[in-house]
Amino acid sequence: MTGLGVWAELLSDTEVSAALPALSRVGARVGLALPRERIGDPAVAALSRRAAGLGVPMRAWLLLSREEGYWIGETNVDAFANALDAFLRWRGATDGPAFDGVSVDLEPDYEYS
C-alpha cells in the first residue's frame, strides 16, 4: 500500500466505521489492529467488508497478547505463524473478512520494549 493511510490501533470498530466515508473521499487506507482473539469475529469481518464497499483498502495488523510479545519478534514467531494461519483460514471463508493484506510490525518483545 502506498499513499495516505491511518493506523487504527486504539479506536473502536464504531469509530473506524464512522471514519470510513472521509477516508474514502481522500483515498486513504486503514491498517486495522487485529488482536488474535478477534480473528473470526463477525463484527471485524463486517467492518472490513464495509471498508471494501467504500473503496477503502484495509489491512489486518495482527497482534498477539502482551504475554506473547504483542508484535511479531524474535521470541514469538511460532505464535505469530499460528495466528496468521488462523487469519488466512478465516479470510478464505465465505463469510470471512475483506482485508486486502496483512501488515507486519517487527518489534522487540513487548517486555523488552
Side-chain angles (χ1 to χ4, degrees):
M1 283 202 268
T2 61
L4 181 65
V6 296
W7 291 99
E9 181 176 9
L10 304 174
L11 299 173
S12 69
D13 292 354
T14 301
E15 291 168 315
V16 173
S17 184
L20 290 176
L23 294 171
S24 178
R25 284 191 296 277
V26 298
R29 58 182 157 57
V30 175
L32 183 71
L34 181 62
R36 180 170 52 186
E37 60 271 9
R38 292 204 69 197
I39 293 173
D41 183 336
V44 174
L47 177 60
S48 70
R49 289 191 296 269
R50 174 169 158 66
L54 290 170
V56 177
M58 184 177 278
R59 285 200 175 169
W61 174 24
L62 296 179
L63 299 170
L64 302 172
S65 69
R66 289 188 176 167
E67 295 77 28
E68 293 175 301
Y70 198 63
W71 312 278
I72 183 175
E74 70 275 8
T75 63
N76 60 12
V77 173
D78 290 339
F80 186 83
N82 290 335
L84 181 59
D85 286 344
F87 171 80
L88 292 173
R89 282 191 303 276
W90 178 44
R91 186 172 173 253
T94 304
D95 60 348
F99 290 105
D100 68 341
V102 175
S103 293
V104 178
D105 183 13
L106 298 173
E107 299 281 348
D109 186 72
Y110 185 81
E111 288 300 315
Y112 174 80
S113 62

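Throughout, numbering of the chain's residues begins at 1 and tracks the sequence.
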Give a yes or no on whether the backbone of [Y] and the side-chain of [X] come within a donor-acceptor separation of less than 3.5 Å.
{"X": "Arg59", "Y": "Val104", "answer": "no"}
{"X": "Arg36", "Y": "Phe80", "answer": "no"}
{"X": "Asn76", "Y": "Gly73", "answer": "yes"}
{"X": "Ser103", "Y": "Gly31", "answer": "no"}

Gap between atom [atom2] of [Y] and atom [atom1] of [X] - 0.5 Å precision:
{"X": "Met58", "Y": "Leu23", "atom1": "CE", "atom2": "CG", "answer": "8.5 Å"}
{"X": "Leu62", "Y": "Phe99", "atom1": "CG", "atom2": "CZ", "answer": "8.5 Å"}
{"X": "Ile39", "Y": "Leu84", "atom1": "CD1", "atom2": "CG", "answer": "8.0 Å"}
{"X": "Leu11", "Y": "Ser17", "atom1": "CG", "atom2": "OG", "answer": "11.5 Å"}
{"X": "Asp13", "Y": "Arg38", "atom1": "CG", "atom2": "CZ", "answer": "4.0 Å"}

Looking at every heavy atom in both [X] and [Y], which two are closest together, and how far apart are they?
{"X": "Ala52", "Y": "Ala98", "answer": "CB-CB, 4.0 Å"}
{"X": "Pro57", "Y": "Asp100", "answer": "CB-OD2, 3.5 Å"}
{"X": "Val16", "Y": "Ala8", "answer": "CG2-CB, 3.8 Å"}

Practice task
Classify the angle between the aromatic ring planes of Trp61 and Trp7 as parallel (below 30°), tilted (30 to 60°) or perpendicular (above 60°).
Solution key: perpendicular
Handout entry: Hydrophobic cluster membership, Ile72 vs Leu88, 4.5 Å side-chain cutoff
Key =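 They do share one cluster, since a chain of ILVMFWY contacts under 4.5 Å joins Ile72 to Leu88.
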Problem - Flag side-chain contact, heavy atom, 4.5 Å: Leu34 against Val102 - result: no
Problem - Pairwise side-chain contact, Glu9 with Pro35, heavy-atom cut-off 4.5 Å (strictly under) - result: no
Exercise for the section: For a side-chain contact (heavy atoms from CB on, under 4.5 Å) with Tyr70, tell me which candidate from Leu64, Asp105, Leu63 qualifies. Expected result: Leu63
